[in-house]
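The chains referred to below are lettered A, B, ... by the order of the sequence lines, with proteins before strands, and numbering in each begins at 1. Quick note: numbers below take in every heavy atom, side chains included, and nothing from hydrogens, waters or symmetry partners.
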There are 2 protein chains.
Amino acid sequence: MGGGPVREDEGTAARILDAAERLVQVRGFNGFSYADIAGELGITKAALHYHFAGKADLGLALIGRYASRFAEALAAIDAAGAGALRPAQRLAEYAALYLGVIQDGRMCLCGMLAAEYPTLPPPMREAVAGFFDENEAWLEKVLAEGRADGSLRFPGTARESARMVIAALEGAMLTARPYSDAERFRAVAASILAGLAPDAAAERSPA
Amino acid sequence: MGGGPVREDEGTAARILDAAERLVQVRGFNGFSYADIAGELGITKAALHYHFAGKADLGLALIGRYASRFAEALAAIDAAGAGALRPAQRLAEYAALYLGVIQDGRMCLCGMLAAEYPTLPPPMREAVAGFFDENEAWLEKVLAEGRADGSLRFPGTARESARMVIAALEGAMLTARPYSDAERFRAVAASILAGLAPDAAAERSPA
DNA sequence: GTCTATACAGCGATAGAC
DNA sequence: GTCTATCGCTGTATAGAC
């Protein structure tokens with residue numbers, strides 16, 4: 001899901017999305033301009049407006065593509081090992097997804113947008129909330145399954161712990177920013193997983 | 001001195017900081033302008049520049065005041081109960097500090113600035129990192145004490161778990177923003193504490 | 001689909017009167 | 001200490017040529 005250029009014959013719209021995605025993840029939605037993207041791609045601001053009429057349209061497309069990729073990655077985890085991955089392993093894969101996001105000084109697109117939430121156009125707000133809802137639903141399912149088979153232990157409901165996991169991983173990305181240190185994120189992620197699966201010491205590395 | 005209809009005896013500089021603090025916590029450092037503060041206080045942008053020469057100076061003063069208040073709050077926790085508060089209780093008080101921050105759609109000042117980190121002037125960056133370092137040191141001390149007396153249990157080092165706690169609480173503020181729901185934050189905070197003090201189910205929640 | 005050119009609002013910041 | 005006035009720059013967005 002990390003984003004980044006995919007192929008060389010990628011269309012202009014996709015290249016705009018790639019550059020904008022990186023800029024939002026690094027500098028925030030209020031921290032970049034059409035001029036930044038135009039300069040990076042070697043086109044003019046006017047050309048950008050042809051592909052995405054306004055910044056709000058661009059932002060909405062950004063979230064849609066990002067959420068789709070994330071959903072595909074979650075489906076891939078469910079399908080891995082012919083659907084035989086144990087809950088703790090799926091959690092580790094989930095954390096590994098986040099590890100792939102933070103490269104190059106980025107943080108989660110929707111985590112960044114959550115910080116800027118009050119300044120976002122309403123359509124973007126709804127899309128951001130939807131992203132978190134989907135992650136929460138997937139994690140709740142995994143956690144409930146892990147509790148049922150005894151491989152995961154946590155207090156309260158599976159939904160509450162799902163929210164805790166998302167909060168901790170997003171917060172780990174956020175608080176790692178001042179230190180430009182991916183290892184710092186990895187250690188925090190490992191600490192979270194270890195707290196949920198105290199028995200499975202060998203399963204907890206998200207790398 | 002001059003007499004506008006001011007609520008209190010608070011000086012202009014302090015009132016500027018109050019307004020700016022709220023604006024940064026809600027909209028981010030890149031999401032407000034001198035005009036916003038001036039309009040709110042009924043003064044002009046030029047008057048603002050008299051008190052804080054540039055936006056970077058204002059931002060630095062903001063972090064300094066915020067960090068000082070936080071340090072005082074931590075010292076108050078250490079002093080509470082004549083220094084007899086148990087580690088789990090001190091942790092709960094720590095989480096309660098965060099709960100007081102998120103009112104009115106705010107999030108932690110330094111959490112917000114961490115998201116905007118790459119766009120901040122270098123002096124502000126150093127101050128933000130210092131805030132997290134201080135929190136980490138305080139938490140590490142509490143966690144180590146809790147492990148020593150058997151009241152807290154966690155994997156890895158006390159420092160790693162301290163970073164996990166900060167990440168989870170900051171992330172809980174971040175991910176609660178789309179839902180405008182303080183209860184959502186409270187539940188996540190309780191989930192974190194419960195994971196560290198599994199024996200103390202009756203341990204008071206951060207409310 | 002991309003360009004040049006431009007409109008127009010907003011930004012941080014400064015000079016000088018009072 | 002606050003004001004009016006203004007500067008230079010950047011922001012998003014648009015019109016119309018090619």
Side-chain angles (χ1 to χ4, degrees), chain A residues 7-24 26-63 112-113 116 118-125, chain B residues 1-24 26-63 112-113 116 118-125:
Chain A
R7 355 172 250 286
E8 301 246 335
D9 61 340
E10 209 180 17
T12 300
R15 270 184 290 129
I16 293 169
L17 288 172
D18 289 340
E21 185 176 71
R22 202 199 87 259
L23 283 164
V24 174
V26 174
R27 304 177 51 89
F29 191 72
N30 296 324
F32 82 101
S33 72
Y34 268 36
D36 294 325
I37 302 175
E40 196 167 311
L41 299 188
I43 59 179
T44 62
K45 292 184 292 176
L48 286 184
H49 281 285
Y50 169 81
H51 294 281
F52 300 95
K55 206 181 178 185
D57 304 275
L58 174 58
L60 200 56
L62 234 31
I63 304 169
M112 179 65 79
L113 295 176
E116 299 177 293
T119 71
L120 298 180
M124 286 183 66
R125 294 190 201 181
Chain B
M1 298 282 283
V6 188
R7 300 160 303 204
E8 302 178 15
D9 292 354
E10 206 180 23
T12 301
R15 270 183 291 132
I16 292 169
L17 288 172
D18 289 340
E21 185 176 70
R22 203 199 86 257
L23 284 164
V24 174
V26 174
R27 304 177 51 90
F29 191 71
N30 296 325
F32 82 100
S33 71
Y34 268 38
D36 293 325
I37 303 175
E40 196 168 312
L41 299 188
I43 59 179
T44 62
K45 291 188 294 175
L48 286 184
H49 281 284
Y50 169 80
H51 294 280
F52 300 96
K55 206 182 179 186
D57 304 275
L58 173 57
L60 200 56
L62 234 31
I63 304 169
M112 178 65 77
L113 295 176
E116 299 178 294
T119 71
L120 298 180
M124 286 183 67
R125 293 191 202 181

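- Of the listed nucleotides (C:dA15, D:dT12, C:dT4), C:dT4 has the atom at the smallest distance from the side chain of A:Ala46.
- Note that the CG atom of A:Leu23 and the CD atom of A:Glu21 stand 10.5 Å from one another [nearest 0.5 Å].
- Look at NE2 on B:His49: it is 17 Å from P on D:dT6, rounded to the nearest Å.
- The shortest heavy-atom contact between A:Gly31 and A:Asp36 is O-OD2, 4.5 Å.
- Counting to the nearest Å, the C1' atom of D:dG1 and the CD1 atom of B:Ile16 are 10 Å from each other.
- For A:Tyr50, a side-chain nitrogen or oxygen approaches OP1 or OP2 of C:dG1 to under 4.0 Å.
- Comparing atom distances between the B:Lys55 side chain and each of D:dC3, C:dA13, D:dT14 picks out C:dA13 as nearest.
- The nearest whole Å value for the distance from the CD1 atom in A:Ile43 to the P atom in C:dT2 is 6 Å.
- No engagement by B:Phe52 is indicated, since no non-hydrogen atom pair under 4.0 Å with the nucleic acid exists.
- Comparing A:Phe32 and B:Ala47 against DNA chain D, the residue whose closest nucleotide sits nearer the 5' end is B:Ala47.
- To the nearest angstrom, P of D:dT12 lies 9 Å from CZ of A:Phe29.
- B:Met112 and B:Val26 get closest at one heavy-atom pair: CE-O, 4.0 Å.
- A:Leu58 has its CG atom 15 Å from the P atom of D:dG11, to the nearest Å.
- The A:Ser33 side chain lies nearest to D:dG11 when the options are C:dA13, D:dG11, D:dT4.
- One atom, NZ of A:Lys45, and another, C1' of C:dA5, lie 11 Å apart when rounded to the nearest Å.
- When all heavy atoms of A:Arg125 and A:Leu120 are compared, the closest pair comes out as NE-O, 2.9 Å.
- Regarding B:Asn30, its CG atom lies at a distance of 13 Å from the C1' atom of D:dG11, rounded to whole Å.
- Rounded to whole angstrom, the span from the CZ atom of B:Arg27 across to the P atom of C:dC11 amounts to 9 Å.
- Within the structure, every side-chain polar atom (N or O) of B:Thr44 is placed at least 4.0 Å from both OP1 and OP2 of D:dT2.
- Ranking D:dG11, D:dT2, C:dG12 by closeness to the B:His51 side chain, first place goes to D:dT2.
- Ranked by how close their nearest DNA chain D nucleotide is to the 5' end, A:Tyr34 and B:Gly42 are led by B:Gly42.
- To the nearest 0.5 angstrom, A:Tyr50 atom OH is 13.0 Å from A:Thr44 atom OG1.
- Side-chain N/O atoms of A:Thr12 include one lying less than 4.0 angstrom from OP1 or OP2 on C:dT2.
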